[in-house]
Amino acid sequence: MSPDATRARRLVEARLGRAPQDALEAAVVLEAWAGVPAQRALETARQLMPRRAAAPLASVAVPTVTRRPPGLLVEGLAFLVSVVAIALWAQPLADSLGGAAVERALRLALPMALALQWGLRARHLGRPSGLAGLARERRALAAGAALLVAGLGALLGEAGVLAALLTVTWTGGAVLIRRGASAFYATAVTAATVALLAGAPGLVAVAGVAALVVAAGAWALRGAAGAVVPGRWSRTLGAALTGAGVGTLLAGDPTVTWTAGSLGALALLPSAAGGLWAGLHLWKLAPALPRALTGVPAIVPSSPRGDVAAARTAGSSRGVTAHSLVRTLAGAAGRLVAVTAAGSLALVAVGGGPAGVLIGFGVVALASLLVGLLDSLGRPAWAGWGVAAGVGAELLVRLASPFPGAALTAGGAVALAVLAPAAIVLLARPARTLATALWIT
Amino acid sequence: MAAAPALEIATPPPAARPAAWRPRILLTTEGTYPYAMGGVSSWCDLLVRGLDEFDWCVLPIVAPHGRAPLYELPAHAREAGPIEVWSEALPRGRRAGRPRAALPGALVRGLLGWNGDADAVLAEWLWCRRNPAGVRRAFRSGAGWAAFLDGLSDVLAERIPEAGTPPRLDLVEAAALYQTLYWVARTAAAPTPPADLLHVTAAGWSAIPAAVHRALHGTPLVLTEHGVYVREAYLAAARGGGSPGARFTATRLARGLARIAYASADVICPVTDANAYWEMGLGIDPAKILVLYNGLRQGEPPTPPPGERIVVSVGRIDPLKDIHTLLRVAQETLRIVPDARFRHYGAVTDGEDAYGRSCLALHHQLGLGERFRFMGRTTDPTGVVRAADVVLMTSISEGLPMSVLEAMSQGRPVISTCVGGVPDVIKGCGVVTSPGDDHALTMAVVMLLRNPDLAWRLGRRGHDRLGRIFNEGACVEGYRELLHTMTRERAQLRAVPS
């Protein structure tokens with residue numbers, strides 16, 4: 001290296017605080033910070049690069065901070081309060097409108113509400129610009145709610161109206177919770193419960209809370225503005241169908257009664273609580289997945305001489321431990337099972353629903369957990385197929401159900417059998433999952 | 001030093017153009033026109049409005065932001081697209097055939113390899129264009145990921161003295177690169193409208209659809225470089241503080257894209273001689289290069305500065321604009337001239353939010369308060385510099401910045417770093433210092449704030465110089481001649497029966 005080139009190299013290294021990556025970087029530094037004209041900088045830079053290759057630097061990606069969204073626990077608790085309150089509605093509503101009408105309404109409302117909630121989450125609610133997107137469609141949503149009530153009312157009478165009102169209440173509740181108005185939603189539902197228990201007419205009370213939730217939702221969205229980047233329609237539709245599938249799994253078993261006192265609907269509570277805790281735990285995967293791959297060389301030299309040209313790739317599951325990721329999933333599942341089992345035992349002890357139903361809700365909750373996981377790992381279609389298989393199994397078993405909750409349990413178990421291997425495979429090869437599924441949407 | 005760029009354009013005889021035929025120009029942009037204000041966007045708008053004998057179609061490449069365009073296109077222009085990269089949109093077209101698993105591997109070899117095969121990349125891009133739905137299938141497949149890792153292995157094994165030793169990327173960096181290459185392929189797959197001429201505004205992403213179009217239809221391609229794409233990518237990476245792997249992938253990709261853009265371009269138009277020398281240094285045939293300066297309307301005779309010691313800067317909040325130096329200069333200046341006031345106009349560049357936050361943090365740390373205000377985006381760049389006593393620019397990379405011309409059009413003196421074509425432009429009507437030289441920049445600002453007569457004299461000189469050399473007419477006429485020449489040749493080719 002000539003003295004000029006040596007001097008230039010020192011200058012470049014002083015400016016960068018390290019050796020230049022290549023001749024172009026050295027040239028840019030010489031031109032930008034030392035005032036060397038471009039062509040001379042390029043010529044000098046070529047001279048100052050060492051003839052012998054240096055050892056490659058090990059690079060470690062700068063980690064991006066992924067935190068659990070704030071308020072997730074509050075949202076979950078608000079949801080649980082709503083489940084309890086709505087479970088308490090079942091008996092007064094059945095007294096007011098008749099058990100058959102309420103059963104029918106609940107079996108319809110659950111899939112519809114989950115379809116709308118999951119669809120809205122994919123399109124708007126799960127996105128940074130979600131509230132602004134919903135705000136733009138405020139009028140359409142309000143009109144849709146009115147149409148739903150009118151349409152189902154015309155088709156199914158009181159059961160249809162009740163189904164529509166429950167759907168509107170639960171969907172509006174999701175918007176309110178996302179807007180940070182969890183306390184308001186929980187208070188509104190609790191107030192309706194008090195009114196119903198005090199003997200208020202069933203439809204009037206539910207219509208009141210539905211109207212309140214819609215009005216509050218519209219008001220809450222009023223201030224949301226800004227640029228909107230909605231989710232794509234195909235994803236929205238897929239999410240809605242999956243949501244409807246999960247709702248059908250929950251409500252599709254005719255042996256599960258929702259109106260036999262408050263304990264019927266309360267059977268959902270243990271698995272809902274377990275699902276909440278498991279979901280919170282599963283958030284650990286968001287930072288854990290890239291962390292498991294940070295610092296792991298993408299290409300590892302494997303020849304005896306360490307010749308990089310003869311490298312073998314480490315990007316598949318080989319060479320990358322995925323145990324911690326699978327362990328996190330197992331931890332989440334364990335939490336769900338533990339809470340569901342404890343809650344179910346408590347319910348059975350006070351004379352709650354049949355064990356088969358409680359087990360069925362637990363299995364479906366596990367399947368739902370995996371549905372959410374597969375969706376967030378970029379494989380929503382797999383999640384959809386798993387749920388579809390579960391619904392199919394439930395429909396088959398309900399033809400000859402051997403015990404209460406058998407169809408629910410079978411549907412959940414089949415969904416679980418399809419979804420669990422898929423989730424484990426995705427977590428067991430994290431590099432490929434990150435590259436091909438999570439980051440190629 | 002190489003000879004000056006030599007391409008000359010003959011003035012077309014107006015009668016040679018059929019009266020009814022309006023040549024169609026496809027203008028591809030990258031994060032600028034019509035969704036961002038100032039700089040390249042101002043130049044695009046000037047060209048599109050000034051050359052109304054062409055039918056313009058603007059194809060912007062942007063990150064999804066959901067915002068409306070900031071420029072209203074004139075009647076003879078329309079927007080196609082935009083191509084939204086890093087969006088959730090699915091590629092058009094039906095699924096057909098097997099996915100091309102080799103695609104990611106070919107792209108990483110061709111774009112990141114030091115001597116990558118540009119023709120091979122173009123062949124892959126053509127496949128993407130013909131099989132848009134296949135792109136996603138290829139990248140979502142395990143075979144695609146494996147092929148990518150094989151290609152990456154080849155690139156990292158390169159040992160070329162000039163290229164240095166590639167770092168050992170980790171799996172997160174490899175996955176991030178894989179995602180970026182997916183969007184390169186998706187950009188290549190995007191449809192382009194029929195055109196008689198392709199006009200590319202940067203030797204990077206915006207060249208991808210144009211290069212594919214040219215390869216498909218033989219349409220001539222003009223590349224205007226405002227900065228030097230590769231140089232800016234290296235500067236941004238050097239100052240970004242990323243890992244060696246992130247630096248390597250960002251700069252190698254920029255170099256790969258620029259090589260294809262240069263190879264595809266029939267004419268390359270830097271906006272300043274300084275950039276032309278860079279391009280020649282990067283191996284471009286000087287015969288392909290035609291320097292066409294930016295220009296701006298000279299306007300009315302300037303009004304005197306307000307005399308309120310207001311220092312204005314205009315530009316995106318971006319590492320290339322070196323806002324940190326701007327803030328430090330403000331602090332030093334305020335120590336000497338406490339009643340000075342600084343106003344910066346410009347929004348944070350998409351994807352540079354972290355840098356934007358660092359600027360706010362430094363602003364807070366330096367205790368500048370209301371004396372230095374971030375004013376956000378402006379739709380009236382000439383108006384804001386008119387309200388200044390001095391215009392300040394601290395960039396570490398520029399071509400021929402419109403903000404400097406805007407200051408000159410309003411008779412305001414410019415203090416700037418000597419980057420790109422700036423020294424040539426403000427010769428005799430401003431002050432230039434080395435990039436990042438806080439002290440020199442501060443002294444220049446203080447000098448002009450304390451000598452308003454000198455500042456006003458420099459400002460008027462700038463106004464005169466703009467009218468003489470860097471005026472709108474010269475810029476527009478230069479492009480008129482070039483574009484007519486190229487579209488006329490195309491029309492003649494079309495007239496030959498095949």
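Note: hydrogens, waters and symmetry copies are ignored here, and every other heavy atom, side chains too, is used. Just so we're clear, the structure is a prediction, and the values are computed from it rather than from any experiment. Protein chains get the first letters and strands the later ones, always in sequence-line order, with residue 1 at the start of each.
When every heavy atom of B:Tyr182 is checked against every heavy atom of A:Thr441, the shortest pair comes out as OH-O, 4.3 Å. Closest approach of A:Pro56 to B:Arg159, counting heavy atoms only: CG-NH2, 4.1 Å. Closest approach of A:Gly295 and B:Asp170 over heavy atoms only: N-OD2, 2.7 Å. The two atoms that bring A:Met49 and B:Gly164 nearest to each other are CE-CA, 3.8 Å, heavy atoms only. The heavy-atom pair separating B:Arg231 from A:Ala32 by the smallest distance is NH2-CB, 3.9 Å. Among all heavy-atom pairs drawn from B:Leu149 and A:Ala298, the shortest one is CD2-O, 4.2 Å.
Contact annotation for B:Pro166: only backbone heavy atoms (N, CA, C, O) come within less than 4.5 Å of a heavy atom of chain A. With a 4.5 angstrom heavy-atom cutoff, B:Ser141 touches chain A only via backbone atoms. The contact between B:Val230 and chain A is made entirely by side chain atoms (from C-beta outward), counting heavy-atom distances below 4.5 Å. Interface remark: A:Leu16 contributes side-chain atoms only to the contact with chain B (heavy atom separation under 4.5 Å). Of the two parts of B:Trp114, only the side chain, counted from C-beta on, holds a non-hydrogen atom closer than 4.5 Å to a non-hydrogen atom of chain A. Contact of A:Ile440 with chain B is made through backbone and side chain together, with heavy-atom distances under 4.5 Å. With a 4.5 angstrom heavy-atom cutoff, B:Ala237 does not touch chain A via any of its atoms. Looking at A:Arg127, only its side chain comes within 4.5 Å of chain B, counting heavy atoms on both sides. Residue B:Ile160 does not touch chain A at all, counting heavy-atom pairs closer than 4.5 Å. When heavy atoms are compared at a cutoff of 4.5 Å, A:Ala55 approaches chain B solely by way of its backbone atoms N, CA, C and O. With a 4.5 Å cut-off on non-hydrogen atoms, B:Thr251 touches chain A through its side chain but not through its backbone. Neither the backbone nor the side chain of B:Phe148 comes within contact range of chain A, judged by heavy atoms closer than 4.5 Å. Only the backbone of B:Ser87 comes within contact range of chain A, with heavy atoms under 4.5 Å apart.
For B:Arg186, the salt bridge (Lys or Arg N to Asp or Glu O under 4.0 Å) criterion is met by no residue, not counting sequence neighbours. Residues passing the salt bridge (Lys or Arg N to Asp or Glu O under 4.0 Å) test with A:Asp4 are A:Arg7, sequence neighbours excluded. Take B:Glu279 and apply the salt bridge (Lys or Arg N to Asp or Glu O under 4.0 Å) test, not counting sequence neighbours, and it matches no residue.
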Inset, instruction - Show your reasoning for whether side-chain contact (heavy atoms from CB on, under 4.5 Å) applies to A:Thr433 and B:Trp145. - result: CA-CA 10 Å; A:Thr433 298; B:Trp145 172 240; over 6 Å; no

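Between B:Tyr178 and A:Thr436 the shortest side-chain heavy-atom distance falls below 4.5 Å. The closest side-chain heavy-atom distance from B:Tyr234 to A:Val29 is not below 4.5 Å.
Taking B:Glu162, B:Arg255, B:Glu158 one by one and counting their heavy-atom pairs under 4.5 Å with chain A, the maximum is reached by B:Glu162. Looking only at heavy-atom pairs under 4.5 Å with chain B, the residue among A:Val62, A:Val60, A:Leu434 that has the most is A:Val60. Here A:Arg18 is the residue among A:Arg15, A:Arg52, A:Arg18 with the most heavy-atom pairs under 4.5 Å with chain B. Listed options A:Glu31, A:Glu25, A:Arg51 were ranked by heavy-atom pairs under 4.5 angstrom with chain B; first place goes to A:Glu31. Between chain B and the residues A:Ala61, A:Pro290, A:Ala54, the most heavy-atom pairs under 4.5 angstrom are made by A:Ala61. Counting heavy-atom pairs under 4.5 Å between each of A:Ala41, A:Ala26, A:Ala53, A:Gly133 and chain B puts A:Ala53 at the top.
Of residues 229-237 of chain A, those residues lying under 4.5 Å from chain B by any heavy-atom pair are A:Val229, A:Gly231, A:Arg232, A:Ser234.
For the residue pair A:Ser59/B:Glu173, the side-chain donor-acceptor check at 3.5 Å is satisfied.
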